[in-house]
Amino acid sequence: MIYDVIIIGAGVTGSAVARELSRYRANVLVMDKGEDVCTGTSKANSAIVHAGYDCVPGSLMAKMNVRGNELMGDLARDLEIPFKRNGSMVVCIHKEELGGLEELYERGKKNGVPGLRLLNREECLSVEPNLSENVEGALYAETAGIVCPFKLTIAMAEHANQNGVDFVFNTEAEKLWRDEEGIWNIQTANGRYRTRIVVNAAGVYADVFHNMVSESKIHITPRRGDYCLLDRNVGDFVKHTIFPQPTKLGKGILVAPTIHGNVIVGPTAIDIEDKEAVATTQEGIDELISKAEMHVRHLPIRQVITSFAGLRAHEDHHEFILGEPEDAPGFMDCAGIESPGLTSSPAIGEYIGGLIRDRLTLEKKEHWIATRRDVLDPQTLSVEERNELIRKNPAYGQIICRCETVTEGEILDAIHRPLGARSLDGVKRRTRAGMGRCQAGFCSPRVMEILVRELGLPMEKITKSGGNSRIVLGRSKEVKE
Ligand SMILES: Cc1cc2nc3c(=O)[nH]c(=O)nc-3n(C[C@H](O)[C@H](O)[C@H](O)COP(=O)(O)OP(=O)(O)OC[C@H]3O[C@@H](n4cnc5c(N)ncnc54)[C@H](O)[C@@H]3O)c2cc1C
């Protein structure tokens, strides 16, 4: 079979392109080496929907950021993605840096960012009392928001799948070439795939594929960002996303509420070689705490419930690379998608989807399902509605994750929906089971039992996140010959 389009990478970028293409009559496949959607950088970031004031005017980054921000509201509504415009503040703690805020403000205006305002010290402290006493002023952006990065990615992928896009997991693209018929071939351990168009949405590996097919080489450095996540009992520490002034290395260490009511602190910006190295380090954590404490006071750092790191796909020119290289027709890059890649994803989907539509002269489907429903959360219902739900389906009365109050009904929904969960992390990203204070200490065995029962697998086959991440290796008291 020859596909019309194969997308390498089921992160937020690949999923956004897939969703856009699902509007048209075409055979589209998304391929990922991971066991699920959202196993790369899209799962480990600040989850901020940036306003777009700090990108270089005229750049693709600026255009995609502002357009992505604009699209996010309707997308979140249609696909039931948790999203809120909480506003952001770039805070200045030295008088001599106030000029930098004005530059950002002007840049934002050039980029077409609405709702920007410069705040003085008193205005800053009145809206955010936990800001440093040294605060001199801030740039306020009312369109900035916070989103659930897992649900954003999963929702777009599910929506694409619901509208006919196929997904294949545990399938690593190894080699890529265009044959004499002009068809792209993708070699994997599970066989060869053929397609008219390839979309390169492979995150930190996008340079590998680009360089396989084009003479104009690119280079991506994995730039690690370490984070601390604080418990929900301090979730009101700040209301807005608090940034320092951006530097060459990025947007700096922020303190922000998350859409689920935690507080996130980070990220660092450490250039490394290894494209898989996502372990945090003590130095990274110390650095992020000391830098965060320059802009806020009484940071409740004792309320840390976990730390994690993500890798930015930093291309040497710090710009998104979107579209076909001149010498590789039919090969569509989505490379160098570092921050604001999450924000930009709906716009990247729209842009790349449009290029492919025109190139293959694709026709719109008559029946495109425009909405998608999320895993039903009984906490969003009234008491009467919840009682009715439990009466009809008692699984919604069984609490499995105590910290996040996740029921068995939600876990069953997560497993049995399109592109359903197959691992502990898959369940976690769809329901939040295991994301709370005890970090899955209590609910892991119970979620594993549900996975065993529902997927018909032996306990030894249940993994944390696919591959070799098995949790149970065998019975401890089993007598072995
Ligand atoms: C520390 C940090 C903070 C950030 N904060 C923000 C923020 O607040 N707001 C914002 O807008 N953006 C933010 N970003 C950027 C954003 O997270 C990324 O731009 C976005 O997630 C990139 O998505 P992607 O789909 O391109 O890459 P990924 O999510 O990494 O997806 C790539 C996929 O390709 C797959 N893949 C790779 N190689 C192969 C292969 N050979 N075969 C098959 N599959 C393969 C991987 O398994 C992976 O699933 C941040 C990034 C980091 C690291």
Side-chain angles (χ1 to χ4, degrees), residues 6-18 30-52 55 61 64-65 68-69 72 88 144-147 149-150 152-153 156-157 168-176 186-190 193 199-209 212 220 222-227 241 243 249-254 256 258 264 266-270 275-276 278 284 288 308-315 320-322 333-349 465-467:
I6 294 185
I7 299 167
I8 303 176
V12 77
T13 308
S15 300
V17 175
V30 181
M31 167 186 294
D32 203 291
K33 68 187 171 86
E35 52 106 26
D36 194 358
V37 175
C38 199
T39 59
T41 297
S42 302
K43 79 171 177 356
N45 50 64
S46 314
I48 307 301
V49 173
H50 294 290
C55 308
M61 256 187 194
M64 295 295 143
N65 184 341
N69 181 304
M72 198 62 79
S88 69
I146 46 181
V147 70
F150 323 115
L152 172 63
T153 308
M156 289 196 287
V168 55
F169 296 108
N170 301 309
T171 304
E172 179 166 359
E174 291 165 352
K175 257 197 199 148
L176 192 60
I186 304 175
Q187 188 63 47
T188 77
N190 305 333
Y193 291 78
V199 177
N200 174 22
V204 284
Y205 291 93
D207 56 346
V208 175
F209 292 107
M212 259 181 214
I220 288 176
R223 180 169 286 173
R224 200 186 78 222
D226 300 353
Y227 289 96
T241 299
F243 290 106
L249 282 178
K251 296 175 175 63
I253 288 177
L254 59 80
T258 73
I264 189 163
T268 51
I270 300 160
K275 291 181 191 265
E276 299 288 332
V278 288
L288 73 87
F308 63 93
L311 302 179
R312 303 169 184 86
H314 173 69
E315 207 282 325
F320 292 163
I321 301 172
L322 298 174
D333 268 321
C334 296
I337 311 298
E338 56 182 312
S339 187
L342 201 70
T343 313
S344 305
S345 57
I348 295 177
S465 52

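Ligands are counted one by one from 1 in listed order, and the atoms in each one are counted from 1 as well.
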Nitrogen or oxygen of Gly9 less than 3.5 angstrom from that of ligand 1: no
Test item, Asn65 contacting ligand 1 (heavy atom, 4.0 angstrom): no
Test item: Cys334 and Asn200 side chains (from C-beta on) under 4.5 Å apart, heavy atoms: no
Leu254 vs Ile264 side-chain heavy atoms within contact, under 4.5 Å: yes
From CD (Glu172) to CD1 (Ile186), nearest 0.5 Å: 12.5 Å
Protein residue, atom and distance nearest to atom 7 (C) of ligand 1, heavy-atom basis: His50 NE2, 3.4 Å
Ala47, portion touching ligand 1 at heavy-atom distance under 4.0 Å: backbone
CD1-OG distance between Ile253 and Ser46, expressed to the nearest 0.5 angstrom: 10.0 Å
Distance-only N or O hit between ligand 1 and Arg223, under 3.5 Å: no
Polar atom proximity, Gly14 to ligand 1 (N or O, under 3.5 Å): no
Side-chain heavy-atom pair Asp207, Glu315 within 4.5 angstrom cut-off: no
Thr13, any N or O under 3.5 Å of ligand 1 N or O: yes
Ligand 1 contact on Val204 by region, counting heavy-atom pairs under 4.0 Å: neither
Numbered atoms of ligand 1 (with element) below 4.0 Å of Thr343, judged on heavy atoms: 9 (N), 10 (C), 11 (O)
Non-neighbouring partners of Phe243 that pass ring-ring contact (aromatic ring centres under 6.0 Å, His included), sequence neighbours left out: His50
Flag, side chain of Arg312 to backbone of Arg223, donor-acceptor distance under 3.5 Å: yes
For atom 4 (C) of ligand 1, closest protein heavy-atom neighbour: Asn45 CB, 3.3 Å
Test item: Thr268 side-chain N/O and Asp226 main-chain N/O as donor-acceptor pair under 3.5 Å: yes
Side chain, backbone, both or neither: the part of Thr171 lying under 4.0 Å from ligand 1 by heavy atom: backbone
Any donor-acceptor N/O pair, Ser345 side chain to Leu342 backbone, under 3.5 Å: yes
Val12 N/O to ligand 1 N/O under 3.5 Å: yes
Check: Thr343 side chain, Ile48 main-chain N or O, donor-acceptor pair, under 3.5 Å: yes
Nearest neighbour in protein (non-hydrogen) for atom 28 (P) of ligand 1: Thr41 N, 3.6 Å
Donor-acceptor pair, side chain of Lys175 and main chain of Gln187, under 3.5 angstrom: no
Any N or O of Ile8 closer than 3.5 Å to N or O of ligand 1: no
Ligand-side contact atoms (ligand 1) for residue partner Leu311, heavy atom cut-off under 4.0 Å: 53 (C)
Atom 32 (C) of ligand 1 - nearest protein heavy atom and its distance: Ala201 O, 3.4 Å
Atoms in ligand 1 with a heavy atom of Gly40 nearer than 4.0 Å: 29 (O), 30 (O), 49 (O)
Closest approach of any protein heavy atom to atom 13 (C) of ligand 1, naming residue and atom: Ser339 OG, 3.5 Å
Top protein contact for atom 35 (C) of ligand 1, by heavy-atom distance: Asp32 OD2, 3.3 Å
Ligand 1-proximal atoms of Pro267, by part, heavy-atom distance under 4.0 Å: side chain
Partner of Met31 by side chain to side chain contact (heavy atoms under 4.5 Å, CB included), out of Val199, Thr171, Ile7, Asn170: Thr171
Numbered atoms of ligand 1 (with element) below 4.0 Å of Gly310, judged on heavy atoms: 53 (C)
Atom 19 (O) of ligand 1: nearest protein contact (heavy atom, Å): Ile337 O, 2.6 Å
Ligand-side contact atoms (ligand 1) for residue partner Tyr227, heavy atom cut-off under 4.0 Å: 1 (C), 2 (C), 3 (C), 4 (C)
Heavy atom of the protein closest to atom 44 (N) of ligand 1 (residue, atom name, distance): Lys33 N, 3.1 Å
Contact atoms of ligand 1, heavy-atom distance to Gly203 under 4.0 Å: 27 (O), 30 (O), 32 (C)
Contacts of type ring-ring contact (aromatic ring centres under 6.0 Å, His included), residue Phe169, not counting sequence neighbours: none
Full working for salt bridge (Lys or Arg N to Asp or Glu O under 4.0 Å) between Lys43 and Asp36: CA-CA 11 Å; Lys43 79 171 177 356; Asp36 194 358; over 6 Å; no
Nitrogen or oxygen atoms of Ser344 and ligand 1 under 3.5 Å apart: no
Donor-acceptor contact below 3.5 Å, side chain Thr41 vs main chain Leu311: yes
